[in-house]
Amino acid sequence: MLSLTVNASSKYDITVTDTLIAFREKCVPYMRGRNVAVVTDSNVNALYGDALSEYLSDKNVLKMVIPAGEDSKNGENYFKILNALAENGFDREDSIVAFGGGVVGDLAGFAASTYMRGVTLIAVPTTILSMVDSSVGGKTAIDLPAGKNLCGTFYQPKAVYINTAFIDTLPRREFMCGAGEILKYALLSDTVKAEDLKAGVNEKLIVKCLEIKRDIVEKDEKERGERALLNLGHTVGHALEKLYGYKVSHGECVVKGLAFSVFASEKLYGLDKKTVSDMERTVNLLGHDVSAGFSAEEIAKLIVSDKKRYGENVNFIALKGVGEPRVEKISLSALYELLDDYERKNNTL
Ligand SMILES: NC(=O)c1ccc[n+]([C@@H]2O[C@H](COP(=O)([O-])OP(=O)(O)OC[C@H]3O[C@@H](n4cnc5c(N)ncnc54)[C@H](O)[C@@H]3O)[C@@H](O)[C@H]2O)c1
Ligand SMILES: [Zn+2]
């Protein structure tokens, strides 16, 4: 069993293990009230619906199951959760357990942060993406018809419990999605090696990823500066997600974005050839497809309409080397040119 402490606006521990018993030791003590709401989705419920129940037997458990998928991260489900809590007499001492991937984590986290101005949140992430990304940083959200994550809060859980056994049942697509985010960490810091992924995702690798995110978030919890580094690969990645109509997973789009960032960093900073070829090798080994699939024009247009733009410039995260990410303000025309070069390179491969 491994653990790490996050010192954000409030302090909490993340336990990374492969046994269920640790849930009782590390999470149950934070549940002070009699009532516990377990929010989960249909897939996780079918696989692990009863997994936590033996440790919650002396509580009144209210289980809420949302349909699996991003579409569930909406206002309707948010109010359903709040109303169910109120109707079942939940008060400020009671707790919410977010038991699922990032969708459940964001939705249940948002509910926990707002019900009675905040109740205890325990996070039990079950996808690689939610383990290595959502468990640190305290972001909660729901989507609005106008866009993803437009409504949310910063709210820290009281404890996070990660059980690597949950990874075994992840469909290949979700595994690849999480792997994409791990590749990002392998570029942000030299403590994570892309090759580690070949042996699968184990406790040690998860902790190493979380340490990188924690160290960045602790310096900049509300995303005013340093935290932007975590957007490596995401400027282009997010644009592609939209262009693919969210049919290609977030992590796959991030990998495409990372491949472009590496290419652009070579042009901007002369990033060394070895980093470029190592990245290409790992991506190939994992079977990710790095071609953008859309023209430079289509991608640039979407980036312009993205909220992270600043006037004529775009905040772009580039690499001087592995572990040396930098926030670069580059002009839209420079970005367009890089995208165009990248497209041409991919077409001639
Ligand atoms: N709060 C944050 O910091 C943060 C960070 C990154 C992403 N996110 C959000 O997270 C969401 C994406 O998260 P996600 O990729 O985990 O998606 P998800 O929650 O939709 O889970 C992906 C799929 O895997 C299934 N699943 C979950 N655990 C499983 C398991 N152990 N075995 C088998 N199937 C399982 C789910 O039912 C779902 O079908 C997005 O909404 C994104 O905005 C939030
Ligand atoms: Zn991401």
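Any value given below was found using the heavy atoms of this structure, including those in side chains, with hydrogens, waters and symmetry copies removed. Atoms within a ligand are numbered from 1 in the order they appear, just like the ligands themselves.
The contact set between ligand 1 and Ala68, taken as ligand atoms under 4.0 Å from a residue heavy atom, comprises 37 (O), 39 (O). Within ligand 1, counting atoms from 1 as listed, the ones closer than 4.0 Å to a heavy atom of Leu47 are 32 (N), 33 (C). The atoms of ligand 1 that sit less than 4.0 Å from any heavy atom of Thr169 are 30 (C), 31 (N), 32 (N), 33 (C). Listed by number with element, the atoms of ligand 1 under 4.0 Å from a non-hydrogen atom of Glu70 are 40 (C), 41 (O). For ligand 1, the atoms closer than 4.0 angstrom to any heavy atom of Thr126 are 27 (C), 28 (N), 29 (C), 30 (C), 31 (N). Residue Asp41 has at least one heavy-atom neighbour below 4.0 Å for each of these atoms of ligand 1: 36 (C), 37 (O). For ligand 1 and Leu129, the ligand atoms under 4.0 Å from any heavy atom of the residue are 7 (C), 12 (C), 13 (O), 14 (P), 15 (O). Taking every heavy atom of Tyr48 and a limit of under 4.0 angstrom, the matching atoms of ligand 1 come to 31 (N).
Taking 4.0 Å as the cut-off between side-chain N and carboxylate O, Lys73 and Glu70 count as a salt-bridged pair. The residues Lys184 and Glu181 are annotated as salt-bridged, a charged nitrogen and a carboxylate oxygen being separated by less than 4.0 angstrom. A salt bridge is absent between Lys267 and Glu328: the closest approach of a Lys/Arg side-chain nitrogen to an acidic carboxylate oxygen does not fall below 4.0 angstrom. Looking at Asp340 and Arg344, a side-chain N of the basic residue comes within less than 4.0 Å of a carboxylate O on the acidic one, giving a salt bridge.
Within the structure, the closest approach of Glu181 to ligand 1 does not fall below 4.0 Å when heavy atoms are considered.
Inter-residue side-chain proximity for Leu20 and Tyr55 is flagged as met; some heavy-atom pair is nearer than 4.5 Å.
Closest protein heavy atom to atom 9 (C) of ligand 1: Asp106 OD2, 3.4 Å. Among all protein heavy atoms, the one lying closest to atom 34 (N) of ligand 1 is Pro171 CD, 3.8 Å. Looking only at protein heavy atoms, the nearest one to atom 18 (P) of ligand 1 is Val103 CG2, 3.9 Å. Protein heavy atom at the shortest distance from atom 24 (O) of ligand 1 is Glu174 CG, 3.6 Å. From the protein, the heavy atom lying nearest to atom 29 (C) of ligand 1 is Leu170 CD2, 3.5 Å. Of the protein's non-hydrogen atoms, Asp133 OD2, 3.4 Å is the one closest to atom 6 (C) of ligand 1. Among protein heavy atoms, the minimum distance from atom 43 (O) of ligand 1 is reached at Lys73 NZ, 3.0 Å. Annotation: atom 4 (C) of ligand 1 to nearest protein heavy atom, Ser134 OG, 3.4 Å.
No donor-acceptor distance shorter than 3.5 angstrom exists from the side chain of Gln156 to the backbone of Tyr12, with no hydrogens or angles considered. Listed for the Tyr185 side chain is a donor-acceptor partner under 3.5 Å among the backbone atoms of Val132.
For ligand 1, the polar-atom distance check finds an N/O of Phe166 within less than 3.5 Å of one of the ligand's N/O atoms. An N or O contact shorter than 3.5 Å links Lys139 to ligand 1 by distance.
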Give the C-alpha distance, both sets of side-chain angles, the deciding distance and a yes or no for salt bridge (Lys or Arg N to Asp or Glu O under 4.0 Å) between Lys274 and Asp278.
CA-CA 6 Å; Lys274 186 173 175 312; Asp278 281 358; 2.7 Å; yes
Working note: Tyr155 + Phe110, criterion ring pair (Phe, Tyr, Trp, His ring centres under 6.0 Å); need CA distance, chi angles, decisive distance, verdict.
CA-CA 8 Å; Tyr155 192 68; Phe110 184 48; 9.9 Å; no
Stepwise side-chain hydrogen bond (donor to acceptor under 3.5 Å, both in side chains) check, Thr5 with Asp13
CA-CA 4 Å; Thr5 303; Asp13 288 333; 2.8 Å; yes
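Other residues, nucleotides and ligands contribute over 12 non-hydrogen atoms within 6.0 Å of the CD atom of Glu266.
A ring-ring contact (aromatic ring centres under 6.0 Å, His included) with Phe99 holds for exactly one of Phe23, Phe166, Tyr161; it is Phe166.
Comparing Ser72, Gly102, Ala98 against atom 10 (O) of ligand 1, the shortest heavy-atom distance belongs to Gly102.
Atom CG of residue Leu121 and atom OG1 of residue Thr140 lie 9.0 Å apart, to the nearest 0.5 angstrom.
Proximity of Asn149 to ligand 1, defined as any heavy-atom pair under 4.0 Å, is confined to the side chain (atoms from C-beta onward).
Note: angle at the Zn ion (ligand 2), from NE2 of His250 to OE2 of Glu181, is 140° (rounded to 10 degrees).
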